[in-house]
Amino acid sequence: MMITRCPVGELPSSTAVWVNRSSLFGSGPFMRLWETLGGQPVYWMASENDRAVAILPGIEFGSGFLTRFQAMPDGLYAPLLHPQGTPDDASVLSAKILAGLVQYGYAKLYLNDYFGQFADPARLAIRKGATLVVDIRSVDWEPPDKKLRSEIRKAEREGVRVEVFSLNRHYDQFLALMCYTEKRHGRKPKYPDGFYRELGKLSMTDSRVKWLVCEHEGKLAASHIYLTESNVVLNWQVFFDKQFSFLKANQLITFTVGREIARQGLSMLNLGATPADASTLDDYKRKWGGYRYEYNCLEHKKWWSRWL
């Protein structure tokens, strides 16, 4: 068996087609979004008889002995993909890939094992990650909280509309809303404008990227970006203008997405991790029926990584 590193553009075409179809996070177009931040998308592969049996997508940042690896960035999951079907020795393959990552010599490597595919963490440290997820398998799913249901009905009665993000119509408004939201939280924007432009393009060609907005009087009141990986839909990025809170746009967008993905046969809505000091946000997510889901986050750091 061989463990090899493969830049995204060098993956054999037939394998690339399968990966793009099987995984959003592992797809070439999605991984290339991080090139706008200077990232290098790569695959780590376990191969037998020149055929890939396990593929781990991730992003490299930095160069030389200060290169670090993330699978995936910004809290996204690390899907371990099996082009030939999941084998009986899947745990052995995951352990070999982890060993290959450590041996390669990254200054830092991080892996979010949301799906529990990495049974043997080799020399990696483990910390617990946690998020709140909602079971949305019922086609007539609704949040259990009475007040939330009332707010959703209010938005519907008053004609608040949920629209698909349009790069031509909404992009400039979105950038203004994003900067406003980040400033309100005392943060700088995490991603450059070009990242969102490329994400907007991808949302038009890949239904696994759901970007929904609500407008009011020519301005964006709210913007939600959802990403689908396997049977889980992640509420990844939310931006909203508090002066339009009376519209209940956030509630309506979340409800609309929940109903849509329930009809598609998906099972889980991941409401995202909540900062430890954000108890009000945690309470809000629990009103949607959110319950705590824990998973392993694997880490490995070289001694010289303190220079980063």
Considering all heavy atoms, the nearest [X]-[Y] contact:
X	Y	result
Gly100	Ile3	CA-CG2, 4.2 Å
Leu177	Phe239	CD2-O, 3.6 Å
Gly200	Leu167	CA-CD1, 4.2 Å
Leu252	Glu156	CD1-CG, 3.8 Å
Pro87	His82	CD-ND1, 3.5 Å

Exercise. Go through the structure and list residues passing side-chain hydrogen bond (donor to acceptor under 3.5 Å, both in side chains) with Asn270, not counting sequence neighbours.
Key: Tyr77, Thr131
Quiz item: Sequence neighbours excluded, which residues qualify as side-chain hydrogen bond (donor to acceptor under 3.5 Å, both in side chains) partners of Arg137?
Solution: Asp135
Can a donor-acceptor pair be found, under 3.5 Å and without considering hydrogens, that links the side chain of [X] to the backbone of [Y]?
X	Y	value
Tyr114	Gly75	no
Asn235	Gly272	no
Asn296	Leu298	no
Ser94	Ser91	yes
Asn20	Gly28	yes
Asp89	Val92	no
Lys285	Leu271	yes
Ser150	Lys146	no
Arg263	Val139	no
Gln117	Leu80	yes

Quiz item: For Val238, what are the other residues in its hydrophobic cluster, where any two members join if their side-chain heavy atoms are less than 4.5 angstrom apart?
Solution: Phe240
Quiz prompt | CE on Met1 to OG on Ser47, rounded to 0.5 Å | solution =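 The OG atom of Ser47 sits 8.5 Å away from the CE atom of Met1.
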Exercise. Output the distance between atom CG (Leu111) and atom CD (Glu299), rounded to the nearest 0.5 Å.
Key: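 Taking CG in Leu111 and CD in Glu299, the distance rounds to 10.5 Å.
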Taking the side chain as every heavy atom from C-beta outward, state whether [X] and [Y] have any atom pair closer than 4.5 Å.
X	Y	result
Val209	Leu227	yes
Trp236	Leu76	yes
Thr36	Tyr191	no
Leu220	Phe244	no
Met45	Leu11	yes

Quiz prompt | Ring-ring centroid check Phe195 Trp34, cutoff 6.0 Å | solution = yes
Quiz item: Which residue pairs pass the salt bridge (Lys or Arg N to Asp or Glu O under 4.0 Å) test when at least one of the two sits in residues 213-236, sequence neighbours left out?
Solution: Arg169-Glu215
Please table the atom pairs, donor to acceptor, closer than 3.5 Å between any side-chain atom in residues 50-65 and protein atoms at least two apart or in another chain.
| unit_1 | atom_1 | unit_2 | atom_2 | d |
| --- | --- | --- | --- | --- |
| Arg51 | NH2 | Gln84 | OE1 | 2.9 |
| Glu60 | OE1 | Arg5 | NH2 | 3.0 |
| Glu60 | OE2 | Arg5 | NE | 2.7 |
| Glu60 | OE2 | Tyr106 | OH | 2.5 |

Quiz prompt | Residues Arg286, Asp282: salt bridge by 4.0 Å N-O rule | solution =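 Yes, this pair counts.
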Quiz item: Which side-chain hydrogen bond (donor to acceptor under 3.5 Å, both in side chains) pairs, counting each pair once, include a residue from residues 196-211, with sequence neighbours left out?
Solution: Tyr196-Gln237, Glu198-Lys201, Asp206-Arg208, Lys210-Glu260, Trp211-Ser223
Quiz item: How about Lys242: does its NZ atom have over 12 heavy atoms from other parts shown lying under 6.0 Å from it?
Solution: no
